[in-house]
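Right, one structure below, let's go through it.
Position 1 is the first residue of the sequence, and the numbers go up from there.
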Amino acid sequence: IPSERRWLNNRFYLDHTVPPPWIPVKKITEKRFNILDREYFFNDSPFPVQITSRGNKLFSKQPEWLISNQKIQWKNFKIVKEFSDMVSFTGEGVLNNLKIQWNGELFFDGLYKLDLELFPVNGTTTINNMTLNWKVPYKSGEHALLPLYTQWSKENRITEHIDFVKKPYFCVWTTGD
């Protein structure tokens with residue numbers, strides 16, 4: 001049985017080594033990157049506009065984050081660091097009295113890490129809700145979620161209240177048409 005702590009003494013991420021069989025991240029343009037058989041396309045948003053895998057588009061609708069049911073105006077996307085194992089980006093968003101600073105890291109294996117910070121521009125602000133919406137073609141959703149995939153209908157809903165005090169870091173993965 002292999003040790004569950006094989007990661008303990010590795011140098012990955014510290015020295016930007018890309019372990020075999022992976023290959024380095026390749027920058028095509030300032031907002032387009034190749035990773036293995038995938039291409040990641042960005043605009044000023046912190047979320048990829050599109051990801052293609054072996055020529056297939058993974059999004060039928062670009063991810064869009066809404067705060068209090070309003071669209072955020074994204075700007076100032078720029079590359080901060082480029083290494084063979086990752087590329088990091090930064091940018092900002094503005095919505096009424098709210099400023100959003102974001103930092104993203106795209107890794108050689110396709111992982112995309114995103115950190116977001118929200119600041120009121122003046123005084124305080126109220127956030128009523130936050131939603132992240134996107135669409136994937138049926139085949140992409142089916143592949144990603146097998147064997148748990150169930151066709152969505154208007155009656156099927158998943159709702160979870162997230163207590164940010166008890167769970168300051170969380171992950172939600174949902175999909176559907």
Is any side-chain heavy atom of [Y] closer than 4.5 Å to one of [X]?
| X | Y | result |
| --- | --- | --- |
| Val18 | Ile23 | no |
| Asn133 | Pro63 | no |
| Asn96 | Leu98 | no |
| Thr52 | Tyr40 | no |
| Asn103 | Leu116 | no |

Of all the heavy-atom pairs spanning [X] and [Y], show the shortest one and how long it is.
| X | Y | value |
| --- | --- | --- |
| Ile35 | Phe108 | CG2-O, 2.9 Å |
| Arg38 | Gly110 | NH2-CA, 3.6 Å |
| Trp65 | Met130 | CZ2-SD, 3.4 Å |
| Ile79 | Phe89 | CG1-CD2, 4.1 Å |
| Pro48 | Gln62 | O-CG, 3.9 Å |
| Val25 | Leu106 | CG2-O, 4.2 Å |

Would [X] and [Y] show up in the same hydrophobic cluster when neighbours are defined by side-chain heavy atoms closer than 4.5 Å?
| X | Y | value |
| --- | --- | --- |
| Leu36 | Ile51 | yes |
| Val49 | Ile28 | no |
| Ile127 | Ile72 | yes |
| Leu66 | Trp74 | no |
| Leu114 | Trp134 | yes |

### Donor-acceptor contact below 3.5 Å, side chain Thr29 vs main chain Lys31
yes
### Query
Backbone N or O of His16 within a donor-acceptor pair of the Ser84 side chain at under 3.5 Å?
yes
### Inter- and intrachain pairs under side-chain hydrogen bond (donor to acceptor under 3.5 Å, both in side chains), touching residues 114-130, at least two apart
none
### Value rounded to 0.5 Å, distance of CD in Glu105 from OG1 in Thr90
11.0 Å
### Task
Give a yes or no on whether Lys78 atom NZ has more than 12 heavy-atom contacts from other residues, nucleotides or ligands under 6.0 Å away.
no
### Query
NZ of Lys99: more than 12 outside heavy atoms within 6.0 angstrom?
no
### Task
Could you go through the side chain to side chain contact (heavy atoms under 4.5 Å, CB included) check for Ile100 and Ile67 one step at a time?
CA-CA 11 Å; Ile100 303 160; Ile67 297 179; 3.9 Å; yes
### Query
Hey, mind stepping through Val94 and Lys75 against side chain to side chain contact (heavy atoms under 4.5 Å, CB included) and telling me if it holds?
CA-CA 8 Å; Val94 177; Lys75 60 183 182 177; 3.8 Å; yes
### Ring centre gap for Phe59 and Phe47 strictly below 6.0 Å
no
#### Entry: salt bridge (charged side-chain N to carboxylate O under 4.0 Å, His left out) contacts in which one or both residues fall within residues 58-67, not counting sequence neighbours
Lys61-Glu64, Glu64-Lys71
### Task
Keeping to residues at least two apart or across chains, list the ring-ring contact (aromatic ring centres under 6.0 Å, His included) pairs with something in residues 111-131.
Phe42-Tyr112
#### Entry: salt bridge (charged side-chain N to carboxylate O under 4.0 Å, His left out), paired with Glu39, selected from Arg54, Arg32, Lys57
Arg32
